[in-house]
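All values derive from a computational prediction rather than experimental measurement. Labels below follow one simple rule: chain letters A, B, ... track the order of the sequence lines, proteins then strands, and each chain is numbered from 1.
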Amino acid sequence: MKYDHKQIEPVWQKKWEEAGIFHAESNSAKPKYYALIEFPYPSGQGLHVGHPRSYTALDIVARKRRLQGYNVLYPIGWDAFGLPTENFAIKNHVHPREVTNKNVAGFKRQLKSLGISFDWSREINTTDPKYYKWTQWIFLQLFKHGLAYKKEMAVNWCTSCKCVLANEEVVNGVCERCGSEVIRKVQSQWMLKITDYAERLIKDLDLVDYPERVKTQQKNWIGRSTGAEVDFTTTTGDTLTVYTTRPDTLFGATYMVVSPEHPIIDKLSSVIKNMDEIRLYREAASRKSDFERTEVVKEKTGVRLDGIEAVNPVNGKQIPIFISDYVLMSYGTGAIMAVPAHDTRDWDFAKKFGLPIIEVVKGGEDVQKAAFTDCATGVLVNSDYLDGLSVEEAKRKITEKLTEMGKGRAKVNYKLRDWVFSRQRYWGEPIPIVYCPCCGTVPLPESELPLELPDVESYEPTDNGKSPLAKITDWVNTKCPKCGADAVRETDTMPQWAGSSWYFLRYTDPHNDEALASREALDYWTPVDWYNGGMEHTTLHLLYSRFWHKFLYDIKVVPTPEPYAKRTSHGMILGENGEKMSKSRGNVVNPDEIVNEYGADTMRLFEMFIGDFENSAPWSSNSIKGCRRFTERFYNLESIMTDEEFIRPELENKFHKTIKKVSEDIETLKFNTAIAALMTLINDIYASGSITKGELKIFTTLVSPFAPHVAEQVWSDKKLGDGFVSKSEWPSYDESKCVDEQTEIVVQVNGKVKEKINVPVDIDKDGAMSLAKGSEKIKSLIDGKNIVKEIYVPGKLINIVAK
RNA sequence: GCCGGUAUGGCGGAAUAGGCAGACGCAAGGGACUUAAAAUCCCUCGGAGUAAAAUCCGUACCGGUUCAAGUCCGGUUACCGGCACCA
């Protein structure tokens with residue numbers, strides 16, 4: 001029979017489904033294994049060939065674990081709330097739910113055609129009220145524990161669309177859709193206090209097995225810095241507190257800068273002589289978009305506060321105060337002490353405004369020419385009692401001194417900011433909060449969850465930037481759950497990140513109406529053993545879900561402090577031209593075409609063979625042919641099978657080595673070399689002219705995680721075992737059979753390969769050396785020379801250094 | 001600017017912990033089979049050099065350590081990703 005993937009693949013997909021062999025067992029005595037991929041956002045474009053890279057990789061792991069006797073949970077679901085669906089709905093006047101259902105159906109068909117061993121009985125969807133009931137429940141717990149709060153926040157506002165934009169929708173300072181100017185507008189927003197967990201989110205990275213680059217990126221994002229707060233007194237008798245990581249340079253502070261939004265300006269407006277000028281500057285700063293404020297401003301701007309000065313607490317010197325937008329209200333205290341000699345930004349500003357530059361750390365170039373910022377090498381000068389100390393010593397000493405004086409304290413700061421949790425959008429989870437004129441902000445009772453998303457006429461945001469939900473008055477108007485008075489509902493919805501911050505918990509018990517998941521299910525299944533996903537989620541999704549998980553751990557809902565024991569990341573699949581795959585570049589490859597032309601097995605093999613799993617690799621419509629050939633060659637083994645159950649002695653070593661190699665490579669993400677090893681073995685098998693039944697059984701099992709359909713076909717055609725190969729047993733290898741008896745070692749003279757000799761594997765140095773010297777060629781090369789050194793690397797190489 | 005990643009044949013890539021650079025696959029060239037083509041099978045395939053060998057060069061670039069460097073150390077460049085005045 002000729003290999004025909006269209007005959008084979010749908011048949012086995014159906015048989016697997018009917019037999020339910022990929023269902024995770026709920027009450028099992030087996031050890032558990034929880035493999036997880038990032039659940040997809042069901043977009044209208046459908047899957048592209050990038051998606052299956054991650055799904056296939058963990059499918060291979062999941063299938064191998066099943067064969068190793070684990071009870072495996074490998075689930076799938078839909079992260080279905082979000083903007084593209086909503087925008088599509090607005091444009092085409094359809095309900096986002098319909099769009100979602102249609103897209104989910106498309107994705108499902110595509111995923112099923114790839115033969116991935118998901119447990120479809122546990123499928124979840126973040127837009128299902130039965131699911132988002134628990135997203136809302138978690139929000140209520142966060143609220144009750146003071147971790148959800150409202151704050152006036154600047155948002156992106158499109159002046160033409162009259163609507164709030166997400167950061168992703170602002171491109172180069174203009175609206176992505178209409179191209180008009182985006183400004184900052186202050187609105188009251190729900191925030192989540194992720195900053196309370198900053199320290200633990202860093203520290204607990206020690207508990208998990210993540211790639212170092214992921215850990216580093218999370219640490220940098222959280223941005224912990226240690227320093228001190230210093231209280232300056234002003235000539236008006238007020239206190240102005242600054243945060244600095246360089247308290248050692250306090251004697252070099254020659255001015256101060258406060259951010260344009262700093263409250264001290266309003267407080268002292270009657271004292272400041274040039275208030276008009278200050279007002280103008282503040283206004284200009286507030287009008288600037290984030291883009292202008294960070295991107296365009298290369299030259300420092302600012303205005304001096306006329307009529308006030310600050311007093312340096314350590315030397316009593318009076319120094320001027322400026323406002324400037326290079327100081328951010330959102331970090332530290334919104335005010336800084338400026339040490340131009342040792343900070344580049346302060347130096348730029350001081351040069352522009354002609355301010356004095358005093359060197360307090362010696363060891364660099366002339367500070368009048370450039371700031372000296374290296375704190376590892378310098379020695380303190382011009383700093384009274386700090387003189388002669390190293391920077392580190394000076395930091396410690398001055399912090400102690402300030403603490404004694406009551407003028408300062410050690411302080412840790414984080415770049416991480418609280419999570420803006422409100423969206424003025426329709427297609428998201430409604431925030432379960434009611435505003436009552438008497439009781440204030442009241443959480444909805446848990447018994448009233450889920451708070452379902454009502455139907456609306458149109459999904460467009462309102463003119464004043466409120467969510468479309470605000471237009472549905474009979475939904476908005478409600479009674480206060482506490483006192484029964486007339487009240488209104490919160491109309492903001494949650495961001496897309498909400499549903500994905502806990503979805504892996506729901507998979508453990510997806511149909512539970514009493515809890516987000518039962519405690520037994522969570523105790524059994526969590527943490528996730530292996531989570532693979534994209535690097536682009538490192539600082540958002542991965543961090544957000546760790547935060548939620550830690551909170552749920554604190555309130556004793558989940559049993560583990562960390563959600564994922566092991567995290568890995570795959571590289572992108574690029575277009576054939578080496579560029580990122582995108583619709584606009586026209587280089588998108590649709591998996592449907594590949595499955596149709598070559599079959600799912602070939603597709604899966606190629607996805608894994610294409611290159612180093614962790615690096616990006618370009619798609620190649622030529623190279624895939626090699627994987628198709630391998631699939632056919634594997635299938636054609638049927639025709640050369642003999643009935644012996646054993647492994648032929650001449651192939652025994654090769655089989656054991658391959659079992660070892662494939663077993664190990666799957667664990668270390670080296671799927672490409674695992675497949676290469678299978679290809680090498682099949683070449684050896686064909687060279688031998690036949691394959692025994694016993695050999696084919698092993699080979700088929702090894703292939704089955706990669707190319708499961710054809711493996712099942714061969715398994716059943718040749719009656720290699722009972723039932724499915726997917727329910728059989730992973731082959732084991734014998735370490736002693738992986739070593740060869742004879743081995744070729746390389747003989748070098750002065751580091752250059754001159755000869756290769758065959759030796760018994762356990763030969764000692766003397767034996768190998770005399771064999772090497774017995775070679776005519778080597779003899780002629782070292783004859784008459786002085787042998788300086790002889791190196792023997794067992795089983796590998798001899799190097800004779802001769803002069 | 002800062003942080004992270006990457007750099008190996010015509011191409012994707014391989015090389016445990018410093019020990020034969022180029023496994024495996026693709027493409028290309030030659031041959032067998034065929035009326036022919038496809039498929040399949042066999043051979044060649046980094047560069048220079050040679051009748052063939054020998055030999056020399058070669059893992060982005062410059063330098064170092066070592067008997068031995070794609071791998072370790074110091075420096076440089078290019079590309080990709082993230083962040084962007086974080087005091």
Which base sits across from [N] as a Watson-Crick or G-U pair, both distances under 3.5 Å?
N      : value
B:rG19 : B:rC67
B:rA28 : B:rU44
B:rA84 : none
B:rA14 : none

[X] [atom1] to [N] [atom2]: how many Å, rounded?
X      : N      : atom1 : atom2 : answer
A:L605 : B:rC26 : CG    : P     : 13 Å
A:K660 : B:rU16 : NZ    : P     : 14 Å
A:N750 : B:rC20 : CG    : C1'   : 17 Å
A:E536 : B:rG5  : CD    : P     : 18 Å

Among the candidates [options], find the nucleotide nearest to the side-chain atoms of [X].
X      : options                : answer
A:L328 : B:rC24, B:rG5, B:rA87  : B:rA87
A:I610 : B:rU40, B:rA15, B:rG12 : B:rG12
A:N672 : B:rC20, B:rA14, B:rC67 : B:rA14
A:W221 : B:rC83, B:rG12, B:rA27 : B:rC83
A:A676 : B:rG12, B:rC24, B:rA14 : B:rC24
A:F609 : B:rU16, B:rU6, B:rG12  : B:rG12
A:N799 : B:rA68, B:rA87, B:rG12 : B:rA68
A:K796 : B:rA87, B:rG5, B:rG19  : B:rG19
A:T673 : B:rA14, B:rG4, B:rC41  : B:rA14
A:N220 : B:rC3, B:rC67, B:rC26  : B:rC3

For this session: Under the side-chain hydrogen bond (donor to acceptor under 3.5 Å, both in side chains) rule, what do A:T631 and A:D601 come out as? Steps first, then yes or no, please.
Result: CA-CA 7 Å; A:T631 310; A:D601 286 330; over 6 Å; no
On a plain distance test, is the side chain of [X] in donor-acceptor contact with the base of [N] below 3.5 Å?
X      : N      : value
A:K625 : B:rC26 : no
A:N622 : B:rC26 : no
A:K300 : B:rC85 : yes

Touch class at under 4.0 angstrom, heavy-atom based, for [X] against every strand present:
X      : value
A:D612 : sugar-phosphate
A:S616 : sugar-phosphate
A:T244 : sugar-phosphate
A:K580 : nothing
A:N683 : sugar-phosphate
A:E212 : nothing
A:K754 : sugar-phosphate

Taking the [atom1] atom of each, how far is [N] from [M], in whole Å?
N      : M      : atom1 : value
B:rA53 : B:rG4  : C1'   : 50 Å
B:rC61 : B:rU44 : C1'   : 33 Å
B:rA84 : B:rC26 : P     : 45 Å
B:rC24 : B:rC83 : C1'   : 39 Å
B:rG22 : B:rC45 : P     : 12 Å
B:rA21 : B:rA39 : P     : 36 Å
B:rU76 : B:rC2  : P     : 11 Å
B:rA23 : B:rG12 : P     : 15 Å

Exercise. Just by distance, do the side chain of A:W347 and the backbone of A:V367 share a donor-acceptor pair under 3.5 Å?
Worked result: yes
Problem set entry | Identified salt bridge (charged side-chain N to carboxylate O under 4.0 Å, His left out) partner of A:D231 from the options A:R409, A:K411, A:K407 |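 It is A:R409; the other options fail the test.
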Problem set entry | Aromatic contact, A:F322 with A:F349 (centres under 6.0 Å) |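 For A:F322 and A:F349, the ring centres are under 6.0 Å apart.
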Seminar exercise, completed: Closest to the 5' end of RNA chain B, once A:I791 and A:A335 are matched to their nearest nucleotides, is A:I791
Exercise. Would B:rG5 be called syn or anti, given that syn covers angles within 90° of 0?
Worked result: anti
Exercise. Hey, are A:K369 and A:E359 close enough for a salt bridge, meaning a charged N less than 4.0 Å from a carboxylate O?
Worked result: no
For this session: Run the salt-bridge test on A:E392 and A:R396 with the 4.0 Å N-O cut-off and return the result as yes or no.
Result: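 No.
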For this session: Test the A:K300-A:Y326 pair against the cation-pi criterion, namely NZ or CZ under 6.0 angstrom from the six-membered ring centroid and within 45° of the ring axis.
Result: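 Yes.
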For this session: State the OH-CG distance between A:Y331 and A:N413, to the nearest 0.5 angstrom.
Result: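 Result: 4.5 Å between the selected atoms.
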